[in-house]
Amino acid sequence: MTLLETHGLTAFYGDFQALFGIDLAVAEGETIAIIGANGAGKTTFLRSLTGLLRNDRAALVFDGRQIGDARADAVVEMGIAMVPEGRKLFPSLSVEENLLIGAHAGRKGSWDLARIYDLFPVLQERRRSPGTALSGGQQQMVAIGRALMSNPRLLLCDEISLGLAPTIIRDIYDSLPQVTKAGCTLMVVEQDINQAMAVADRIYCFQEGRVTLEGRPADLSREQIRQAYFGV
Ligand code: ATP
């Protein structure tokens, strides 16, 4: 079943056009990686999916419903959650409070505190610590847990490996199959091409606001990716 489709999706910041007609389709249960250089429009695309940037109604179809003009809170209720770039935790709140905020909007489902602590046991140990007292990797786990608390059908992750040590990145990526096994479709924006190729069923490469390549990692050559990424 197709969970998400975009049709000619565009995005503007004032007069500046950041996306030029993105057509993409994601099946339920897939893991998609979006790759591309700085400024290619990856974050803008995720923000367009979450209602933070509005579109024409028909530009975005989720579970058969046209939602391109839906508000961000309505989008969370429908089952799209985002782990934002830079984690954006509430610094004065504890780990547990940050997680509970994620449950405030969203759907009913099986993700709760106990399951998040099962996924990331270190968060249970640190549950009373403020967000700022955590390591970068632990903060990233809280950001993922907070998004999962809304029981999303589609989880969007923006550069979750940015600034983290390789072993921590591996721990976090190793946890993601538990998320997809629970029935959640995953879309990750990732600057590390090797990481993207390892985790994704399919990748989309963005360049200057357009999709320049799409396919299964095994079907794409390094040369194709280099061209799609850098445009040389
Ligand atoms: P990065 O890896 O740096 O996050 P990206 O692929 O996610 O890059 P975007 O952040 O989506 O790219 O940016 C796409 C384009 O839109 C860039 O040219 C960027 O300068 C511009 N842009 C992004 N946010 C804004 C904003 N709030 N106002 C104006 N222009 C913006």
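Counting starts at 1 for both ligands and their atoms, in listed order.
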Review point. Would you say the side-chain atoms of Q17 and T10 include a donor-acceptor pair closer than 3.5 Å?
Key: no
**Study point:** Sorted by chain and number, the residues that approach ligand 1 to under 4.0 Å with a heavy atom
**Key:** Y13, F16, A18, A37, N38, G39, A40, G41, K42, T43, T44, E85, E159, Q191
Review point. By side-chain contact (heavy atoms from CB on, under 4.5 Å), which residues pair with A37, not counting sequence neighbours?
Key: Y229
Practice item. Take V75 and L52 through the side chain to side chain contact (heavy atoms under 4.5 Å, CB included) test and state the conclusion after the steps. Key: CA-CA 10 Å; V75 171; L52 291 172; over 6 Å; no
Exercise for review: Kindly determine whether V83 and Q140 satisfy side chain to side chain contact (heavy atoms under 4.5 Å, CB included), including the steps that lead there.
Suggested key: CA-CA 9 Å; V83 182; Q140 191 64 77; 3.4 Å; yes
Exercise for review: Keeping to residues at least two apart or across chains, list the ring-ring contact (aromatic ring centres under 6.0 Å, His included) pairs with something in residues 187-222.
Suggested key: F45-F206
Exercise for review: Using the test side-chain contact (heavy atoms from CB on, under 4.5 Å), find all partners of R54 that sit at least two apart in sequence or belong to another chain.
Suggested key: R71
